[in-house]
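Structure first, commentary second.
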Amino acid sequence: MVVYLVGAGPGDPDLVTLKAIKTLQKADVVVYDRLANEEILKYASGAGMIYVGKRAGAHSKKQEEINQILIEQGKKYDSVVRLKGGDPFVFGRGGEEILALQEEGIPVEIIPGVTSAIGVPTTVGLPVTHRGVATSFTVVTGHEDPTKSEKQVQWNYNADTIVILMGVGHLEENIKEIMKYKDPQTPVCVIEKGTTPDERIITGTLENITQKDINPPALVIIGPVVDVFKDIQNKKP
Ligand SMILES: C[S@@+](CC[C@H](N)C(=O)[O-])C[C@H]1O[C@@H](n2cnc3c(N)ncnc32)[C@H](O)[C@@H]1O
């Protein structure tokens, strides 16, 4: 009885790790997420499949149900894979699942995945750091748990590049906050459904990005590295 917490990568099924594939091949059951590309499930052809995709607005209750499912499966089978989009620890609630399993004496192993936060910009040629332009980046949620007693996200980040996950729903109010600390002309790039055939790239500035048609799942990347991306695009041979 081991539960493997496995990152499935950002969408392109070829961006899953070899270690993840090997673990899926020996799985008895796979508990998988909405964002994991279902093509990856083919590596676990002999395993049972449990879908636990979450819906926005029903996060906390649903997470407890997922924890329960993992505990039940972990007690029943030798090898349970909990497959999650991107990396399990980047806004993946992987830590909560581990703690719940450990409380029941179920061992957990973790296999990292390519997080969308870096893998998606890298795939399109947008470097989150660039010599002389950006020496730091911050990855932040655009959708903080509304039940928190105090907001943790303050938007006054000093990092040269800001990468926002889950950033579409509250884009307007978050951009308004960011403009208190950054120039409205700061370049912005939004990447929708990165590394998939439906990928869309939208560029603009803090001042005008909210006027564009943007749909989830998407990353919002803010900072001068967006100009480096444009330069890379323009100079493509
Ligand atoms: C709940 S978080 C999970 C992140 C995941 N653990 C990771 O490491 O990528 C979901 C958010 O990740 C971002 N995301 C995940 N996959 C994406 C993709 N293929 N393209 C753009 N954004 C993506 C979106 O901001 C989405 O709202």
Side-chain angles (χ1 to χ4, degrees), residues 4-17 19-20 31-40 51-63 66-67 81-98 110-126 128 137-148 152-153 155 161-175 178 188-203 209-210 212-222 225-226 229:
Y4 296 88
L5 204 58
V6 180
D12 178 349
D14 284 354
L15 289 176
V16 71
T17 67
K19 193 161 185 176
V31 181
Y32 67 102
D33 238 31
R34 181 165 53 104
L35 277 176
N37 189 315
E38 293 192 16
E39 223 182 284
I40 292 164
Y51 175 72
V52 292
K54 288 187 238 177
R55 274 172 231 289
H59 279 214
S60 44
K61 186 167 169 277
K62 206 63 163 90
Q63 185 62 52
I66 294 169
N67 293 351
V81 168
R82 169 69 173 114
L83 191 62
K84 298 170 92 73
D87 182 274
F89 280 176
V90 180
F91 300 120
R93 306 190 73 168
E96 292 167 60
E97 293 178 3
I98 293 175
I110 307 142
I111 299 169
V114 174
T115 177
S116 63
I118 300 171
V120 165
T122 294
T123 302
V124 301
L126 194 163
V128 292
F137 63 92
T138 286
V139 177
V140 60
T141 177
H143 181 85
E144 203 174 1
D145 180 354
T147 63
K148 272 187 195 168
Q152 278 175 273
V153 178
W155 297 113
T161 307
I162 298 178
V163 181
I164 309 176
L165 272 70
M166 297 169 281
V168 179
H170 296 275
L171 189 63
E172 211 168 320
E173 59 193 82
N174 291 340
I175 293 282
I178 295 166
V188 180
C189 178
V190 176
I191 310 171
E192 271 179 30
K193 300 189 174 73
T195 79
T196 78
D198 299 322
E199 179 176 281
R200 277 182 75 226
I201 302 176
I202 303 121
T203 55
I209 197 70
T210 56
K212 314 215 175 194
D213 173 36
I214 293 168
N215 302 290
L219 285 185
V220 181
I221 302 143
I222 299 167
V225 288
V226 174
F229 162 66

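In each ligand, atom 1 is the first atom listed, and ligand 1 is the first ligand listed.
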* To do: Check if Pro216 has a non-hydrogen atom at a distance under 4.0 Å from any atom of ligand 1.
  => no
* Asn67: partners by side-chain hydrogen bond (donor to acceptor under 3.5 Å, both in side chains), with sequence neighbours left out -> Gln63
* To do: Measure the OG1-CD1 distance between Thr203 and Ile209 for me, rounded to the nearest 0.5 Å.
  => 7.0 Å
* Asked: What are the atoms of ligand 1, with element, lying closer than 4.0 Å to any heavy atom of Lys193?
  -> 19 (N), 20 (N), 21 (C)
* Asked: What are the atoms of ligand 1, with element, lying closer than 4.0 Å to any heavy atom of Pro10?
  -> 16 (N), 18 (C), 19 (N)
* May I ask you to check whether Ala218 has an N/O atom sitting below 3.5 Å from an N/O atom of ligand 1? => yes
* Given Gly169, Pro217, Gly11, which one has a non-hydrogen atom that is nearest to atom 26 (C) of ligand 1? -> Pro217
* To do: Kindly indicate, with the supporting measurements, whether the criterion side-chain contact (heavy atoms from CB on, under 4.5 Å) is fulfilled by Val225 and Leu126.
  => CA-CA 7 Å; Val225 288; Leu126 194 163; 3.9 Å; yes
* Close-contact set for ligand 1 against Ile191 heavy atoms, below 4.0 Å -> 21 (C)
* Min N/O separation Gly85 to ligand 1 under 3.5 Å -> yes
* Is ligand 1 less than 4.0 angstrom away from at least one heavy atom of Lys84? -> no
* Asked: Which is it for Glu97 and Leu5 under the side-chain contact (heavy atoms from CB on, under 4.5 Å) test, yes or no, and what are the steps along the way?
  -> CA-CA 9 Å; Glu97 293 178 3; Leu5 204 58; 3.5 Å; yes
* To do: Ignoring angles and geometry beyond distance, decide whether Val90 reaches within less than 3.5 Å of ligand 1 through its nitrogen or oxygen atoms.
  => yes
* Atoms of ligand 1 close to Leu219 [distance to a heavy atom under 4.0 angstrom, numbered from 1] -> 21 (C), 22 (N)
* To do: Heavy-atom contacts with Ser116 under 4.0 Å: which atoms of ligand 1 show up? List them by number with element.
  => 7 (C), 8 (O), 9 (O), 12 (O), 13 (C), 14 (N), 15 (C), 16 (N), 17 (C), 23 (C)
* Can you tell me if Gly194 has a non-hydrogen atom under 4.0 Å from ligand 1? -> yes
* Closest approach of Val163 to Ala117 (non-hydrogen atoms, all atoms of both residues) -> CG1-O, 3.8 Å
* To do: State whether the number of non-hydrogen atoms from other residues, nucleotides or ligands found under 6.0 Å of Glu173 atom CD is greater than 12.
  => yes
* Starting from the C-alpha separation in whole Å, work towards a yes-or-no answer on side-chain contact (heavy atoms from CB on, under 4.5 Å) for Val52 and Arg82. => CA-CA 10 Å; Val52 292; Arg82 169 69 173 114; 3.7 Å; yes
* Is the number of heavy atoms from other residues, nucleotides or ligands under 6.0 Å of Lys19 NZ greater than 12? -> no
* Check ligand 1 against Phe91 and write out every atom of the ligand that is under 4.0 Å from a heavy-atom position of the residue. => 1 (C), 2 (S), 3 (C)
* With a 4.0 Å cut-off on heavy atoms, does Thr196 reach ligand 1? -> no
* **Polar proximity ligand 1 side, Gly167 side, N/O cut 3.5 Å exclusive** => no
* Asked: Run the side chain to side chain donor-acceptor pair (under 3.5 Å) check on Asp145 and Thr147 step by step: do they pass?
  -> CA-CA 5 Å; Asp145 180 354; Thr147 63; 2.7 Å; yes
* Nitrogen or oxygen atoms of Thr195 and ligand 1 under 3.5 Å apart -> no
* **Closest candidate by heavy atom, reference atom 11 (C) of ligand 1, pool Met166, Glu192, Arg200** => Met166
* To do: Could you tell me the separation between the CG atom of Asp14 and the CD1 atom of Ile40, rounded to the nearest 0.5 Å?
  => 9.0 Å
* Given side-chain contact (heavy atoms from CB on, under 4.5 Å), test Leu83 with Asp33 step by step and report yes or no. => CA-CA 6 Å; Leu83 191 62; Asp33 238 31; over 6 Å; no
